[in-house]
Student: 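First, the structure itself, so that you have it in front of you.
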Amino acid sequence: NNQITNVVDFFAKRNLDCIRFRLWVNPELSEENLSKTDYCNLENTIKMAKRVKSLGIKLLIDFHYSDYWADPAKQNIPVKWKDKISKTNFTQAQNELQKIVFNYTTEALQKFKDENIQVDYVQIGNEITNGLLFPYGTISQKGSDVQKFSNVASILKEGISATKNIFPNAKIILHIDSSGDLSKSLWWFSCAEKSNLDYDIIGLSYYSLWQGKDLTQLENCVKTLSKKFDKGIFIVETAYPWTLGWKDNLSNLYGMKNQLIDGFDASPQGQKSYFEQLCALMNRSVKNHPSAIFWWEPTCISEPNKNLSSPIENLTWFDFQNVYCGPM
């Protein structure tokens, strides 16, 4: 019955201790961004980061190196960057992109530092399972593992180097989506190791919709990766529905019973049980290293009367009356 006027403060009082922000280069220029808003650009991300740090919450900055969503199938080069790279020489374009990534990462993080914002974690790319900045940073199908991975590694090294220059104590995260595929995950991080990438934490996405409904399989993946590579593991993206219903006219990612995990129904209690089981899984699977779970995302409610639709309105921690029903 009490109106929430500051949702960050609301979660801080429930012991949420880290918030992850995606960072887009020029979202207003993206052809995919139909609203042409500047949401998630550097200026707005810094504003949000100030709110987070003022409450003593840790901060994770997720560099997409794109103007809009980046994922395994889509790693689009920012519009303004395209004009700065060669149109005729592939290798030259790769080298130019490496410099751009270094300079952009440096300049962006320096602005956080100039605002006295301590960045605790830096994610170099988002779901870069198949590479980033396509086609120049894709994983090759030819050669040795190091050769296949060289396009990716050369770009990641620039982002890592820039981060360490500005925030030497920040922990570096490399994020892929293959938590349901142990062999693919092992191959990817083995290539990262062979390529001498200096990172701290393995980042994974886990949704039953895409990575499978077997939590035992997830646990085996987390446990194996942490032990083999001697790293912490963060599930930097996960979610589960509190209902299969809807409030707006936009299709939801989760809307059918066959997307659910056995034993976890689409209810506030089912969502809470899922969250608790995932926490327990991480605690027993990652030893002597940090582990974390990030929910994507608790506050993405829909408000049809305000022309605000959400495909994850039923994955939030608020019901359709915007009353808190979350697991924390």
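Small disclaimer: the values here were computed from a predicted structure and weren't measured.
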Student: Report the residue from Leu278, Leu218, Leu315 that forms a side chain to side chain contact (heavy atoms under 4.5 Å, CB included) with Thr238.
Tutor: Leu278
Student: Is the side chain of Ser208 donor-acceptor paired with the backbone N or O of Leu260 at a distance under 3.5 Å, no angle test?
Tutor: no
Student: Go through the structure and list residues passing salt bridge (Lys or Arg N to Asp or Glu O under 4.0 Å) with Glu158, not counting sequence neighbours.
Tutor: none
Student: Using ring pair (Phe, Tyr, Trp, His ring centres under 6.0 Å), reason through Trp242 and Phe318 one step at a time and then give a plain yes or no.
Tutor: CA-CA 9 Å; Trp242 58 267; Phe318 297 87; 10.0 Å; no
Student: Using the ring of each side chain (for Trp, its six-membered ring), is Trp81 parallel, tilted or perpendicular to Tyr65, with breaks at 30° and 60°?
Tutor: tilted
Student: Where does the angle between the aromatic ring planes of Tyr39 and Trp24 fall among parallel (under 30°), tilted (30 to 60°) and perpendicular (over 60°)?
Tutor: perpendicular
Student: Once rounded to the nearest 0.5 Å, what's the spacing between atom CZ of Phe189 and atom OG of Ser195?
Tutor: 12.0 Å
Student: By the side chain to side chain donor-acceptor pair (under 3.5 Å) test, which pairs, at least two apart or in different chains, include something from residues 48-61?
Tutor: Asn6-Arg51, Lys50-Glu115, Lys53-Asp120
Student: Under a 4.0 Å threshold between the charged nitrogen and the carboxylate oxygen, would Arg20 count as salt-bridged to Glu297?
Tutor: no
Student: For Leu209, does its backbone N or O pair with a side-chain atom of Gln259 as donor and acceptor, under 3.5 Å?
Tutor: no
Student: Whether the Asn76 and Glu32 side chains hold a donor-acceptor pair (N or O, under 3.5 Å, no angle test) is what I'd like checked.
Tutor: yes
Student: Would you mind listing every side chain to side chain donor-acceptor pair (under 3.5 Å) that reaches into residues 317-326, with sequence neighbours excluded?
Tutor: Glu303-Asn322
Student: Return the set of residues passing salt bridge (Lys or Arg N to Asp or Glu O under 4.0 Å) with Lys111 (not counting sequence neighbours), or none when no residue passes.
Tutor: none
Student: Between Thr105 and Gly159, is there a donor-acceptor pair closer than 3.5 Å when you use the side chain of the first and the backbone of the second?
Tutor: no
Student: Verify whether one side chain among Asn33 and Asp67 offers a donor that lies under 3.5 Å from an acceptor in the other.
Tutor: no
Student: Could you tell me which residues satisfy salt bridge (Lys or Arg N to Asp or Glu O under 4.0 Å) with Asp17, sequence neighbours excluded, listed by chain and number?
Tutor: none
Student: Between the main-chain N or O of Lys247 and the side-chain N or O of Glu313, is there a donor-acceptor pair closer than 3.5 Å?
Tutor: yes
Student: Between Gln98 and Gln94, do the side chains contain a donor N or O and an acceptor N or O under 3.5 Å apart?
Tutor: no
Student: Can you name the salt bridge (Lys or Arg N to Asp or Glu O under 4.0 Å) partners of Lys272, sequence neighbours left out?
Tutor: Glu276
Student: Only one of Phe63, Tyr199, Phe234 clears ring-ring contact (aromatic ring centres under 6.0 Å, His included) with Tyr121; which?
Tutor: Phe234
